[in-house]
Amino acid sequence: MDVSKLVYMANQIGAFFGSEAETSAAADRVADHIRRFWEPRMRKAILEWVDQCNGEGLQPLVLQALQKHRQKLQPAG
Amino acid sequence: MYSVKELDTGTPMRVSTRLVTLEIDGQSVTVPEGTSVMAAASTMGVKVPKLCATDMLEAFGSCRLCLVEIEGRKGYPASCTTLVEPAMKVSTQTSRLARLRRGVMELYISDHPLDCLTCPANGNCELQEMAGVVGLREVRYGYDGANHLDADTDASNPYFSFDPSKCIVCSRCVRACDEIQGTFALTVDGRGFASVIMPGPTGNFLESECVSCGACVQACPTATLMEKSIAEAGQPEHAVITTCAYCGVGCSFRAEMQGTQVVRMVPDKNGQANHGHSCVKGRFAWGYATHPDRITRPMIRTRISDPWREVSWDEALAHTASEFKRIQARYGRGAIGGITSSRCTNEETYLVQKLVRAAFGNNNVDTCARVCHSPTGYGLKQTLGESAGTQDFDSVQDADVVMVIGANPTDGHPVFASQLKRRLREGAKLIVVDPRDIDLARLPHVQADYLLQLRPGSNVAVINALAHTIVSEGLWNEAFVQSRCDLAEFEKWKQFILLPENAPEAMAAVTGVPAHILRGAARLYATGGNAAIYYGLGVTEHSQGSTMVMGIANLAMLTGNIGRRGVGVNPLRGQNNVQGSCDMGSFPHELPGYRHISDVATRSLFESVWNVQLEPEPGLRIPNMLDAALDGSFMGLFVQGEDIAQSDPDTQHVTAALLAMECLVVQDLFLNETAKFAHVFLPGCSFLEKDGTFTNAERRISRVRKVMPPLSGMQEWEVTTALSAALGYPMQYTHPSQIMDEIARLTPTFTGVSYEKLEKLGSIQWPCNDAAPEGTPIMHVEQFVRGKGLFMVTRYIATEERSTRQYPLLLTTGRILSQYNVGAQTRRTANVVWHDEDRLEIHPHDAEQRGINHGDWVGIRSRAGETVMRAVLSERIQPGVVYTTFHHPFSGANVITTDNSDWATNCPEYKVTAVQVSRVTQPSEWQRRFTQFDHQQQDLLAQRERVGTKT
């Protein structure tokens with residue numbers, strides 16, 4: 001998958017939920033959205049981006065969401 | 001005129017709880033107050049002779065044929081304009097009336113051609129019928145006096161002719177254009193004997209303001225206005241009720257037939273979405289169904305540079321199954337997927353998603369709603385609890401204020417627009433929010449009270465500023481919010497919306513809308529009575545499309561404008577079955593009924609009925625499929641009734657992805673742009689060749705009925721079941737009604753739906769279940785589907801697609817009345833007479849700066865690509881903005897649109913593309929390549945090896 005596009009999409013999601021006053025809650029909602037709507041290979045690719053490139057380009061809230069909810073987002077198998 | 005088999009009560013039937021009893025021809029009859037004597041008589045089976053009256057129009061009282069005698073009254077009142085009164089005693093047949101009517105008919109016939117036997121209306125002419133009814137045997141005046149018999153026929157309109165020599169100047173056509181269509185294109189020119197029907201100052205229909213809706217033709221009692229198809233083929237011998245396959249209004253039509261040949265499509269007066277009205281597409285543009293370009297046999301090829309080879313259905317489906325299995329064995333189970341079509345029936349889309357989930361074994365299914373109303377599904381689900389509009393169309397008749405946002409109903413949803421215009425003429429107020437000064441904003445007898453001509457991409461700023469004004473000025477409906485909404489979330493939202501950054505004054509620089517206009521619109525929406533919002537793709541096709549949908553829902557909840565007639569949130573769906581294709585589980589994360597694939601209980605239900613284990617993870621959306629194709633992990637795709645190579649954004653990205661696939665299977669009527677990249681072509685059926693249902697924008701499920709056999713020999717549902725069987729997952733259906741029965745068993749909002757009930761009720765608006773056995777016209781009446789309405793914080797975030805020095809203009813796209821979507825259907829009809837190419841609308845100021853004149857060829861460049869089309873100078877568009885349509889593939893409108901998309905749904909941002917425009921003298925590089933490729937593919941099609949022959 002084109003990771004730059006995934007980073008862009010994740011940041012868009014982060015921008016919407018970033019309106020939440022409480023950062024932890026916002027991170028939960030970002031992760032929940034990605035979990036509910038992203039196909040496993042997309043989630044796998046963005047998590048690999050976090051691992052291999054420290055999530056370069058990701059907004060802090062999104063990075064936090066991906067790290068905090070890694071287990072939930074990790075595709076089975 | 002109506003088809004011969006339909007009852008015409010002469011004037012519209014009234015609805016009233018107050019009843020009036022009177023006597024007609026010695027018999028007692030009771031009818032609602034306000035009913036005409038003529039209509040009252042018709043309820044008893046008494047037909048009063050008439051010519052200027054028809055129940056599609058209000059009474060006019062000009063023909064003097066419907067005279068009656070009423071005890072105690074002088075003279076002979078017209079029964080069409082005389083309303084019933086208690087104890088009235090009416091005689092419709094007396095010797096005096098007979099003489100009077102015969103005298104009237106003599107005058108008409110003295111100036112009418114006596115060519116009945118060769119007249120196209122022969123057998124279905126009201127004048128002919130009335131001559132018989134009144135017993136006309138002679139015309140004492142002779143036929144040699146002054147007359148109109150030499151008047152020339154106007155055949156300029158491609159679908160109907162106007163022969164003034166046959167006209168009796170009853171004004172039915174003029175009144176139909178005024179009352180039903182609301183275009184006011186026709187008039188009676190002159191007085192007395194010199195009176196003639198005139199289509200505007202040009203004198204011919206094609207150059208007039210006529211929109212070819214067909215209402216005048218339907219209203220005409222003679223052959224004056226006559227469908228050319230009837231003139232050519234003759235009168236129909238039977239009719240079948242079915243549903244139009246164009247826009248999301250879902251008009252009901254009578255397909256009038258000679259055997260299996262359609263000779264006319266007439267809007268069904270009992271149609272619950274259209275009430276007997278139509279537009280140029282549904283009424284006339286059905287000839288594509290038998291166009292010579294139709295491909296009716298399956299074809300396969302190894303490479304797209306090979307000629308096609310016609311094969312049997314068995315071979316085509318076995319080949320497809322074999323290829324898909326091969327790809328899955330090599331690249332994994334998730335390497336293939338399918339796209340369902342909003343042009344196909346509910347049953348067909350349901351089966352394709354079932355095919356993907358059960359036979360492909362993944363959830364890589366998506367639908368063209370991805371690129372139009374997917375944000376509606378998301379946004380309304382979040383806020384209100386259901387992914388659908390809240391009202392029926394008729395609800396608009398109780399609206400006091402109508403706000404139209406990002407929609408152009410007179411072009412995109414013309415039959416609903418006529419109903420809306422009628423309400424506006426009655427006095428409802430209108431707010432239009434659109435980058436263009438659309439037709440609806442300035443109509444005969446109607447002008448928008450507020451036109452918020454915003455900058456493309458600033459929708460959310462506008463909706464927030466409207467809400468800010470309503471809250472800050474204390475205009476919100478506190479009682480509604482207190483009782484119906486989640487108060488904790490409302491308080492959070494209220495704090496947000498009151499931030500100074502959301503004030504109209506602060507947002508004016510972003511939106512381009514002066515603050516006082518925005519505040520005025522907000523006050524009107526909040527305080528003007530029943531306020532309804534109608535919106536279209538100008539809302540959804542943005543990077544903040546879902547945010548805007550939620551903003552609209554917020555506004556409706558804030559003012560209590562939801563849960564009753566006359567109000568609500570109403571998405572105007574683009575294609576005929578967008579609502580249905582979404583309902584049927586076409587999205588990769590949802591099973592039918594909008595239930596997430598990860599929900600164990602729902603998945604288990606489907607697994608038990610389908611007898612298969614389902615993948616619990618969401619699948620790929622269309623844009624993700626294309627990206628995955630380019631990275632080599634998605635190599636096979638089944639596309640039913642879609643043309644993503646023309647309709648989806650960033651064409652070059654789409655075609656690169658299609659080229660990367662190893663097996664692309666396209667099912668369509670024609671070799672569309674996507675099919676030119678295909679390895680397997682499966683012929684599809686037009687709506688005339690199949691049974692099923694469509695669901696329109698008001699959640700109305702209507703029957704589609706087969707009127708002719710499928711040209712390919714198989715309906716789509718049969719093809720899907722056969723393909724599934726070839727993949728090792730047989731499905732057992734013998735009729736689409738059984739598919740609907742399965743949908744009803746598995747979907748809580750459809751449990752009460754069946755073909756039997758559809759036959760009984762005509763149509764059904766879901767939810768239809770034990771709680772609402774006959775359907776639900778208005779949703780969220782007592783409480784929201786989700787319980788408490790949820791206010792969502794909708795912060796305005798500017799799109800990254802901004803005008804720059806390199807690309808200083810903003811392009812926005814839309815569609816036009818005569819064409820439909822990618823034009824595959826309408827381009828193969830005479831509708832091209834109105835729109836034979838896409839053009840770029842540009843403001844005269846921007847044109848002058850670039851030395852562009854009206855009609856010049858201009859290049860339009862964006863960061864995605866470049867194309868060339870002709871310029872149209874127009875002040876409907878604001879400076880800094882340009883506009884085009886996307887109906888013709890050579891135009892390449894989507895070569896310039898980008899891959900920007902909605903944050904929540906990936907719905908593309910068609911409505912905002914930064915571009916530069918300049919005069920050019922030749923097509924773009926892409927257009928040259930397109931032409932070359934198109935010629936190659938047409939040649940390969942022409943060279944195809946036919947079944948049973950070798951070339």
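Quick note: numbers below take in every heavy atom, side chains included, and nothing from hydrogens, waters or symmetry partners.
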Check your understanding: With only heavy atoms counted, which part of B:T905 is less than 4.5 Å from chain A, the side chain, the backbone, both or neither?
Key -> neither

Exercise for review: Under 4.5 Å heavy-atom distance to chain A, tell me which part of B:N906 shows up: side chain, backbone, both or neither.
Suggested key: side chain

Exercise for review: Tell me whether the centres of the aromatic rings in B:Y331 and B:F634 are closer together than 6.0 Å.
Suggested key: no

Practice item. Sort B:D899 into side chain, backbone, both or neither according to what part of it lies under 4.5 angstrom from a heavy atom of chain A. Key: side chain

Exercise for review: Give the minimum heavy-atom separation between A:L63 and A:N54, together with the two atoms involved.
Suggested key: CD2-O, 4.0 Å

Revision key, fill the gap. If you tally heavy-atom pairs under 4.5 Å between each of B:E590, B:R621, B:Q495 and chain A, the highest tally belongs to B:R621

Review point. So A:D51 and A:R70, salt bridge (charged side-chain N to carboxylate O under 4.0 Å, His left out) or not? Walk me through it.
Key: CA-CA 11 Å; A:D51 292 342; A:R70 159 177 285 283; 2.3 Å; yes

Check your understanding: Can you check whether A:Y8 and B:W903 have ring centres sitting under 6.0 Å from each other?
Key -> no

Check your understanding: Between B:E617, B:H589, B:E800, which shows the greatest number of heavy-atom pairs under 4.5 Å with chain A?
Key -> B:E617

**Study point:** Option in B:S901, B:P623, B:S633 with maximal non-hydrogen atom pairs under 4.5 Å from chain A
**Key:** B:S633

Review point. Is it the backbone or the side chain of B:Y796 that comes under 4.5 Å from a heavy atom of chain A, or both, or neither?
Key: neither

**Study point:** chain B contact via A:M42 - which portion, at a heavy-atom distance below 4.5 Å
**Key:** side chain

Exercise for review: Please step through salt bridge (charged side-chain N to carboxylate O under 4.0 Å, His left out) for the pair B:E501 and B:R795, ending with a clear verdict.
Suggested key: CA-CA 10 Å; B:E501 68 195 41; B:R795 189 160 61 89; 5.9 Å; no

Check your understanding: So which part of B:D599 gets closer than 4.5 Å to some heavy atom of chain A, the side chain, the backbone, both or neither?
Key -> neither

Exercise for review: Would you check if the side chain of B:D902 reaches a backbone N or O of B:P908 as a donor-acceptor pair within less than 3.5 Å?
Suggested key: no

Review point. Is the number of heavy atoms from other residues, nucleotides or ligands within 6.0 Å of NZ (A:K68) greater than 12?
Key: yes

Practice item. Heavy-atom distances under 4.5 Å only: say whether B:I797 touches chain A with side chain, backbone, both or neither. Key: side chain

Review point. Pick from A:R35, A:E39, A:M9: which one has the most heavy-atom pairs with chain B under 4.5 Å?
Key: A:E39

**Study point:** Flag, side chain of B:S604 to backbone of B:V600, donor-acceptor distance under 3.5 Å
**Key:** yes

Check your understanding: Which answer fits B:M625, side chain, backbone, both or neither, if we ask what part of it has an atom under 4.5 Å from a heavy atom of chain A?
Key -> neither

